[in-house]
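The structure under discussion appears below in the form of structure tokens.
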Amino acid sequence: QVQLVESGGGLVQPGGSMRLSCAASGFTFSYYHIGWFRQAPGKEREGVSYISVGDGSTSYADSVKGRFTISRDDAKNTVYLQMNSLKPEDTAVYYCARSGIHTLRLRYYDSWGQGTQVTVSS
């Protein structure tokens with residue numbers, strides 16, 4: 001069955017870095033765009049970044065541009081999110097999901113992972 005598993009979350013100090021991984025199985029990974037999303041307590045889930053198939057083009061939310069970098073390794077069926085210069089407002093549960101189209105709109109994503117907690121605090 002389709003499965004996406006996030007890992008790499010934890011506690012980091014403001015200004016620190018962290019790399020999240022999203023390991024996929026059960027489908028042809030190279031056919032799908034993969035997105036990262038996050039949800040903070042009491043807030044709606046929001047798009048962070050996505051990476052396309054083929055040319056690997058990327059898109060980022062304004063709040064993370066210049067700090068986060070998304071990449072994919074189709075040989076390992078894995079997408080990464082490198083997060084630098086982390087801020088307390090980046091604290092959230094981070095999820096990955098797949099989509100058949102170029103978008104960060106949640107409605108077009110399916111097969112969500114279980115999420116990984118990222119906490120930015122001193």
Testing the basics here: between [X] and [Y], what is the closest heavy-atom pair and its distance to 0.1 Å?
X	Y	answer
Asp74	Phe29	OD1-CE2, 3.2 Å
Ala92	Ala40	CB-N, 3.8 Å
Ile34	Cys22	CG2-SG, 4.5 Å
Val5	Gln114	CA-OE1, 3.8 Å

Any [X] side-chain heavy atom under 4.5 Å of [Y] side chain:
X	Y	value
Arg38	Asp90	yes
His102	Ser57	yes
Val53	Ser30	no
Leu104	Tyr60	no
Ser17	Asn84	yes

Does [X] share a hydrophobic cluster with [Y], counting links as ILVMFWY side-chain heavy atoms below 4.5 Å and allowing steps through other members?
X	Y	value
Val120	Leu11	no
Met18	Tyr94	yes
Ile70	Tyr80	no
Val79	Val118	yes
Phe68	Trp36	yes

Checklist line | Atom CD of Glu44: over 12 foreign heavy atoms under 6.0 Å | finding: no
Checklist line | Check: Ser59 side chain, Ser49 main-chain N or O, donor-acceptor pair, under 3.5 Å | finding: no
Margin query: With a 3.5 Å distance limit and no angle check, can you tell me whether Ser99 reaches the backbone of Tyr108 through a side-chain donor-acceptor pair?
Written below: yes
Rounded distance [0.5 Å steps], [atom1] in [X] versus [atom2] in [Y]:
X	Y	atom1	atom2	result
Leu86	Arg67	CG	CZ	6.5 Å
Cys96	Leu4	SG	CG	4.5 Å
His33	Ile101	NE2	CD1	7.5 Å
Glu6	Trp112	CD	CH2	9.5 Å
Tyr95	Gln39	OH	CD	5.5 Å
Thr58	Ile51	OG1	CD1	6.5 Å

Notebook entry, point to check: Stepwise, does the side-chain contact (heavy atoms from CB on, under 4.5 Å) test hold for Gln117 with Thr91?
Noted result: CA-CA 8 Å; Gln117 176 71 47; Thr91 295; 4.0 Å; yes
Notebook entry, point to check: Between Phe37 and Arg45, is there a cation-pi geometry (under 6.0 Å to ring centre, at most 45° from the normal)?
Noted result: no
Checklist line | Donor on one side chain, acceptor on other, Ser21 and Thr78, under 3.5 Å | finding: no
